[in-house]
Enquirer: 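Handing you a structure now.
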Amino acid sequence: MSTHSNHPFHLVDYSPWPLTGAIGALTMVSGLVKWFHQYDNSLFVLGNVITLLTMYQWWRDISREGTYQGLHTFNVTLGLRWGMILFIVSEVFFFISFFWAFFHSSLSPTIELGSIWPPMGILIFNPFQVPLLNTAILLTSGVTVTWAHHGLMENNHSQTLQGLFFTIVLGIYFTILQGYEYMEASFSIADAVYGSTFFMATGFHGLHVLIGTTFLAVCMFRHMNNHFSNNHHFGFEAAAWYWHFVDVVWLFLYVSIYWWGS
């Protein structure tokens, strides 16, 4: 960000991280294609390494701006809030596309699907086993992140740290259970439109859980280094908003795909 702080708007300095992030994303997607066709994941791993290094250094720079350089003034923070709100709105529409595909196929299954839903031969998950446990985990994590936010507003350092820690642990637990669920699945992404919509919707949600868990882990590290106060902690608020969004999307996924869709 610009070192001239006598302005009410957000200015950024030249930064290499958007470019390296784009290179990392390109390498990752190209690596996925190579992995699918040639069963070689080396390029995919390289893309992940580039992306992770970019994330670390970009987060470091923004933390430095907001904490030590004093560049995140009230007006700048207001702009950042609107940016996060618009980002979450875009994510809502991203998931709407998956729900649209699912309901388009499930409400009026075509003759190619046997005119039934789920399609013949698809053995669906019991919604009252692992999916219900994952629902309880995410709902509990919503409580713990709210508890952490309350602790931060009350200047209770240890309560905020505990709340963030438990939220991160629950996020990791959710990811492990979803990985186990995928391993036990009797169908794949190639099994008709049910497999495609199921794995696209739940898979992208799982990716968002991983991103949200990383976001909260960065916030916990920053909190341990006293970067937040009760009136200057938008980085934490953005992570909490994102996590609540992930919770709400899962509720819709559980009700529509696991429960109603079965």
Side-chain angles (χ1 to χ4, degrees), residues 1 9-10 12 17-18 21-22 24-25 28 51-52 54-56 58-59 61-63 65-66 72-103 134-135 137-150 152-153 160 163-164 166-168 170-172 174-175 178 197 199-223 227-228 231-257:
M1 181 181 280
F9 44 82
H10 190 70
V12 293
W17 311 133
M28 197 186 306
T51 303
L52 288 170
T54 300
M55 287 166 57
Y56 169 77
W58 207 342
W59 250 315
D61 288 356
I62 294 172
S63 300
E65 292 173 357
H72 289 186
T73 62
F74 175 79
N75 286 325
V76 169
T77 305
L78 187 63
L80 294 176
R81 288 176 188 276
W82 276 109
M84 190 66 192
I85 289 168
L86 291 173
F87 169 68
I88 290 175
V89 168
S90 74
E91 292 281 272
V92 168
F93 282 95
F94 177 75
F95 277 99
I96 282 175
S97 64
F98 297 133
F99 286 111
W100 190 309
F102 180 81
F103 284 114
N134 266 343
T135 304
I137 290 168
L138 274 192
L139 289 176
T140 305
S141 72
V143 173
T144 54
V145 78
T146 305
W147 179 46
H149 191 195
H150 177 76
L152 189 56
M153 297 300 291
T160 306
L164 279 169
F166 287 126
T167 308
I168 292 163
L170 289 168
I172 294 169
F174 175 93
T175 303
Q178 190 171 37
T197 52
F199 281 106
M200 285 294 287
T202 59
F204 269 109
H205 177 268
L207 177 64
H208 282 69
V209 170
L210 284 172
I211 293 168
T213 305
T214 308
F215 201 171
L216 289 166
V218 170
C219 286
M220 186 173 76
F221 176 78
R222 292 188 64 194
H223 179 66
H227 286 192
F228 299 133
N231 60 0
H232 189 79
H233 56 267
F234 174 68
F236 174 83
E237 277 188 304
W241 291 355
Y242 189 82
W243 195 254
H244 288 308
F245 159 74
V246 167
D247 284 352
V248 172
V249 169
W250 175 258
L251 289 176
F252 279 100
L253 280 172
Y254 177 74
V255 171
S256 60
I257 293 181

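Just the heavy atoms: all of them, side chains too, but no hydrogens, waters or symmetry mates, feed the values below.
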Enquirer: Heavy atoms only: give me the nearest T77-F234 pair and the separation to one decimal.
Expert: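 Shortest heavy-atom contact: CG2-CB, 3.8 Å.
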Enquirer: Which pair of heavy atoms, one from F215 and one from G235, lies closest together, and at what distance?
Expert: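 Result for this residue pair: CE2-O, 3.8 Å.
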Enquirer: Mind checking whether W250 and H208 have side chains closer than 4.5 Å, heavy atoms only?
Expert: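 Side-chain contact under 4.5 Å: no.
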Enquirer: Find the distance between CH2 (W82) and CG (L78) and round it off to the nearest 0.5 Å.
Expert: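 One finds 8.0 Å between CH2 of W82 and CG of L78.
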Enquirer: Which is it for H149 and H233 under the ring-ring contact (aromatic ring centres under 6.0 Å, His included) test, yes or no, and what are the steps along the way?
Expert: CA-CA 10 Å; H149 191 195; H233 56 267; 5.4 Å; yes
Enquirer: I'd like to check F245 versus E91 (side-chain heavy atoms, cut-off strictly below 4.5 Å). Are they in contact?
Expert: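 Heavy-atom side-chain distance check passes, below 4.5 Å.
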Enquirer: So, for G142 and H244, which heavy atoms are closest and what is the spacing to 0.1 Å?
Expert: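 Between these two residues, the closest heavy atoms are O-CE1, 3.5 Å.
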Enquirer: Within the structure provided, determine whether T140 and F166 are in side-chain contact (heavy-atom separation under 4.5 Å).
Expert: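 No. Closest side-chain heavy atoms not under 4.5 Å.
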Enquirer: Are side-chain heavy atoms of N134 and Y254 found at a separation under 4.5 Å?
Expert: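 They are not in contact (no side-chain heavy atoms under 4.5 Å apart), so the answer is no.
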Enquirer: Quick check: are there more than 12 heavy atoms from other residues, nucleotides or ligands sitting under 6.0 Å from CZ of F94?
Expert: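 Above 12, so yes.
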Enquirer: Just verifying a value: how many Å separate I85 CD1 and L80 CG, rounded to the nearest 0.5 Å?
Expert: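 Here the rounded value is 11.0 Å.
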Enquirer: Quick check for you: to the nearest 0.5 Å, what is the distance between T144 atom OG1 and I168 atom CD1?
Expert: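 That separation rounds to 9.5 Å.
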Enquirer: So, S141 side chain and G171 main chain: donor-acceptor pair closer than 3.5 Å or not?
Expert: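 Looks like no, no N/O pair under 3.5 Å.
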Enquirer: Which heavy-atom pair separates A201 from I257 by the least distance, and what is that distance?
Expert: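 Looks like CB-CD1, 3.8 Å.
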Enquirer: A side-chain contact here means heavy atoms from C-beta on lying under 4.5 Å apart; do F252 and F95 qualify?
Expert: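 No; the side chains remain at least 4.5 Å from each other.
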Enquirer: Would you please test L251 and T135 for side chain to side chain contact (heavy atoms under 4.5 Å, CB included) and show each step?
Expert: CA-CA 7 Å; L251 289 176; T135 304; 3.9 Å; yes
Enquirer: Starting at CZ of F204, measure out to CG of L253 and round the result to the nearest 0.5 Å.
Expert: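 Interatomic distance, F204 CZ to L253 CG, rounded to 0.5 Å: 12.5 Å.
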Enquirer: Can you measure from CG (L164) to NE2 (H223) and round to the nearest 0.5 angstrom?
Expert: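 These two atoms lie 7.0 Å from each other.
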Enquirer: Will you find, in the side chains of H205 and Q178, an N or O donor that is under 3.5 Å from an N or O acceptor?
Expert: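 Side-chain D/A pair, H205 to Q178: absent.
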Enquirer: Does any non-hydrogen side-chain atom of L138 lie less than 4.5 Å from one of L170?
Expert: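 No. Closest side-chain heavy atoms not under 4.5 Å.
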Enquirer: Drop me the distance from S256's OG to F99's CZ, to the nearest 0.5 angstrom.
Expert: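 CZ of F99 is found 4.5 Å from OG of S256.
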Enquirer: Can any side-chain N or O of H232 pair as donor or acceptor with the backbone N or O of G66 at less than 3.5 Å?
Expert: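 Yes: the side chain of H232 pairs with the backbone of G66.
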Enquirer: Yes or no on side chain to side chain contact (heavy atoms under 4.5 Å, CB included) for T213 and W243, after CA distance, side-chain angles and deciding distance?
Expert: CA-CA 8 Å; T213 305; W243 195 254; 3.6 Å; yes
Enquirer: Quick one, W17 and W59 - any side-chain contact, counting heavy atoms below 4.5 Å?
Expert: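 Heavy-atom side-chain distance check fails, nothing below 4.5 Å.
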Enquirer: Write down the atom of A101, the atom of T197, and the distance for their closest heavy-atom approach.
Expert: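 A101 and T197 have their closest heavy atoms at CB-CG2, 3.9 Å.
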Enquirer: Can you give me the closest heavy-atom contact between L216 and V145, atom names plus distance?
Expert: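 So the minimum-distance heavy-atom pair works out to CD2-CG2, 4.0 Å.
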Enquirer: Can you confirm whether Y242 sits close enough to M84 that some side-chain heavy atom of one is under 4.5 Å from a side-chain heavy atom of the other?
Expert: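 Y242 reaches M84 side chain to side chain.
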Enquirer: Does the side chain to side chain contact (heavy atoms under 4.5 Å, CB included) test come out yes or no for W241 and R81, once each step is laid out?
Expert: CA-CA 10 Å; W241 291 355; R81 288 176 188 276; 3.9 Å; yes
Enquirer: Test side chain to side chain contact (heavy atoms under 4.5 Å, CB included) on H150 and T146; report intermediate values, then the result.
Expert: CA-CA 6 Å; H150 177 76; T146 305; 5.7 Å; no
